[in-house]
**Student:** 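First the structure, then my questions, so here it is.
Not measured: the values here are computed from a predicted model. Quick note: residue numbers are just sequence positions, from 1. These values consider heavy atoms only, across backbone and side chains, with no hydrogens, waters or symmetry-generated copies. Counting convention: from 1, in listed order, for ligands and their atoms alike.
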Amino acid sequence: MLNRSSIVAMKDPNEILLENEKAFKSLFEHATISILVTDENGDIILVNPNAEKLFGYSKEELSGQSIEILIPEPLKDIHRQYRQQYFKAPKARPMGLGKDLFARDKNGRTFQVEISLGYYKLGDKKMAVAFITDVTERKKAEAILRSSEETTRLIMNSALDAIVCIDTEGCITVWNPQAEKTFGWKESEVKGSRLSETIIPIQYRALHEAGMKRYLSTGQHKVLNQLIEVTALNRQGKEFPVELTIIPMRQQDKDFFCAFIRDITERKEAEQRQKEYAEDLKRKNIELEQFAYVASHDLQEPLRTVSGFVELLKRHYKDHTDENVAKYINYITDASDRMRRLVQDLLDYSRLGRERILEPINCNQVVQEVLSDLTIAIQESQAVIHVDPLPVISGYATEMKQLFQNLISNSIKFRKPGEPALIRIAATPKEDHWQFMVSDNGIGIDEKYWDRIFIIFQRLHTKNEYEGTGIGLAHCKKIAELHNGRIWVESTPGEGSSFYFTIKKRSTDSWDKAAGGTK
Ligand code: ADP
């Protein structure tokens with residue numbers, strides 16, 4: 001603090017001048033800015049060490065030289081003119097305001113500079129002081145920043161997502177063109193206003209504000225950095241579903257939140273339609289199964305009556321001379337037998353999977369049982385069956401046995417005439433399911449029937465060519481679907497067919513490595 005005694009002790013002016021000169025010299029020597037002093041003719045009088053370093057000349061080399069030695073060739077003349085003008089009305093000011101200034105060093109490198117000009121007079125000598133900063137690096141950084149800003153702007157403008165950013169007060173700072181489309185408000189209308197009062201439905205506003213507060217004070221959050229589905233509000237006050245990701249960001253010590261938002265109205269509607277369709281289909285399927293069950297069950301009764309009376313007729317007309325009568329009765333017997341089988345098949349089909357219990361099934365054992373049931377057919381057809389090791393799966397035992405039984409017996413039945421059937425049964429583990437294969441060298445199936453054969457009672461042959469009702473593969477399809485799988489065929493007519501079906505994997509599934517073999 002200044003007090004009386006300090007005023008009394010003040011130094012004399014000469015001493016102050018001397019000290020000022022010392023201080024100025026020290027400043028000049030150690031300044032991190034480059035300083036050049038020229039006279040009115042532009043001849044260099046003084047150069048500080050930083051200027052020596054910047055231009056690569058020693059002060060001895062520069063002393064007495066025209067300042068234009070430090071100006072790139074094409075700019076020398078114009079600089080000379082500026083310099084002369086400056087000395088006509090000299091004052092301290094930045095040089096070349098709004099213009100890019102360039103200097104040149106001893107090696108001929110041209111670089112961008114910023115210059116502040118000072119003026120002073122020593123006696124009648126006019127002098128200019130130039131404070132020079134090399135701004136090459138800064139300009140480069142500015143250019144990078146400009147180009148990254150440009151990139152950001154491009155991304156914002158072309159993004160398919162609405163991009164909305166808010167500051168820690170919850171006020172909108174960024175609102176890209178897609179946000180205008182999604183919500184109906186122009187950027188100029190919402191920038192600066194509170195997000196919770198624009199696109200957040202009233203019932204969620206308090207939740208949003210509380211969540212933001214909690215994050216800012218504790219760092220805890222439930223919804224950041226993940227895809228979430230919420231409801232948003234548009235300009236017309238209509239609520240609609242969106243999916244979004246909110247990312248907390250920090251720039252220049254400021255926190256803000258950016259949300260990438262997508263209108264999913266159409267997707268949700270499609271999902272809803274899909275769901276309704278699936279439910280409708282399920283209901284219809286159940287109805288149909290019930291119908292098939294009731295119908296086939298009820299049909300059995302009159303059929304039994306018909307068969308009973310045909311049997312009576314047969315006995316009654318055993319000795320009838322008209323052979324047509326016997327022929328007709330045989331036709332009726334065949335037809336009613338066939339009808340009984342069809343009705344039984346239908347009944348089995350509709351019963352399939354009822355009261356089912358999921359249990360571990362060793363497919364190797366199941367296949368061995370099937371092969372033993374089919375021993376006669378295998379022997380008669382001289383079929384060679386190779387079974388690869390099969391897994392232990394979770395499934396419905398009776399149905400799985402039936403599935404293998406139908407595919408294997410078809411492979412035997414549809415063998416090429418005069419050639420023994422070669423059949424291979426295998427399984428491959430896939431990511432979330434097992435893929436089974438039953439492959440043969442039989443008559444094959446034309447590609448145009450690959451879907452049709454799985455439809456109930458669809459056959460490609462007459463019953464005289466190959467026995468059957470055409471329900472086996474429909475059963476297989478239903479069984480695969482009961483196990484959350486599917487079934488399909490790949491085949492070359494005349495060469496053979498490969499039937500594939502999948503069964504959903506469960507954590508308890510495994511391989512039975514000891515299994516497999518040829519029968
Ligand atoms: P079905 O065996 O009683 O005729 P399926 O539903 O089992 O009924 O089979 C439907 C049709 O698919 C068969 O009639 C046959 O034409 C064809 N098919 C099934 N399996 C094979 C096979 N392994 N090779 C060639 N054709 C087959």
**Student:** Could you go through R262 and L244, starting from their C-alpha distance and side-chain angles, then the distance that decides it, and tell me whether this counts as side chain to side chain contact (heavy atoms under 4.5 Å, CB included)?
**Tutor:** CA-CA 6 Å; R262 193 167 294 181; L244 65 108; over 6 Å; no
**Student:** Should the proximity of L473 to ligand 1, defined as any heavy atom under 4.0 Å, be assigned to the side chain, the backbone, both, or neither?
**Tutor:** both
**Student:** Could you tell me if R486 sits above the aromatic ring of W488, with its cationic atom closer than 6.0 Å to the ring centre and no more than 45 degrees from the axis?
**Tutor:** yes
**Student:** Is G444 close to ligand 1, meaning an N/O of one under 3.5 Å from an N/O of the other?
**Tutor:** no
**Student:** Applying the side chain to side chain donor-acceptor pair (under 3.5 Å) test to R194, which of H208, E209, E169 qualifies?
**Tutor:** E209
**Student:** For atom 4 (O) of ligand 1, which of K413, R459, K477 has the closest heavy atom?
**Tutor:** R459
**Student:** What protein heavy atom sits nearest atom 16 (O) of ligand 1, and how far off is it?
**Tutor:** H461 CD2, 3.1 Å
**Student:** Can you check which of I408, D446, I453 brings a heavy atom nearest to atom 12 (O) of ligand 1?
**Tutor:** I453
**Student:** With heavy atoms of G470 as the reference, note each atom of ligand 1 found under 4.0 Å away.
**Tutor:** 1 (P), 3 (O), 4 (O), 6 (O), 8 (O)
**Student:** So which heavy atom in the protein is nearest atom 7 (O) of ligand 1, and how far is it from that ligand atom?
**Tutor:** N410 ND2, 2.8 Å
**Student:** Measuring from non-hydrogen atoms of F499 to any atom of ligand 1, is the shortest distance under 4.0 Å?
**Tutor:** yes
**Student:** Just checking, any donor-acceptor pair under 3.5 angstrom between side chains of D161 and Q178?
**Tutor:** no
**Student:** Would E467 count as being in polar contact with ligand 1, using the rule that some N or O on each side must be under 3.5 angstrom apart?
**Tutor:** no
**Student:** Quick check on I445 - does any of its heavy atoms sit under 4.0 Å from an atom of ligand 1?
**Tutor:** yes
**Student:** Look only at the side chain of N406 and the backbone of L473, and say whether a donor-acceptor pair between them is shorter than 3.5 Å.
**Tutor:** no
**Student:** Which of the listed options, F457, W450, F454, F414, holds the heavy atom that is closest to atom 25 (C) of ligand 1?
**Tutor:** F414
**Student:** Going by the side-chain contact (heavy atoms from CB on, under 4.5 Å) test, name the single residue among V190, T173, V164 that passes it with L195.
**Tutor:** V164
**Student:** Centre of Y449's six-membered ring, under 6.0 Å away, within 45 degrees of the axis: is that where NZ or CZ of R452 sits?
**Tutor:** no
**Student:** Using heavy atoms and a threshold below 4.0 Å, how should the contact between D440 and ligand 1 be classified: side chain, backbone, both, or neither?
**Tutor:** side chain
**Student:** With atoms numbered from 1 as shown, which atoms in ligand 1 lie under 4.0 angstrom from a non-hydrogen atom of S497?
**Tutor:** 24 (N), 25 (C)
**Student:** Does NZ or CZ of K191 fall inside the cone over W175's six-membered ring, less than 6.0 Å from its centre and within 45° of the axis?
**Tutor:** no
**Student:** Given 3.5 Å as the limit, does a donor-acceptor pair link the side chain of Q220 with the main chain of L216, or not?
**Tutor:** no
**Student:** List ligand 1 atoms under 4.0 Å from Q458, heavy atoms only on the residue side.
**Tutor:** 10 (C)
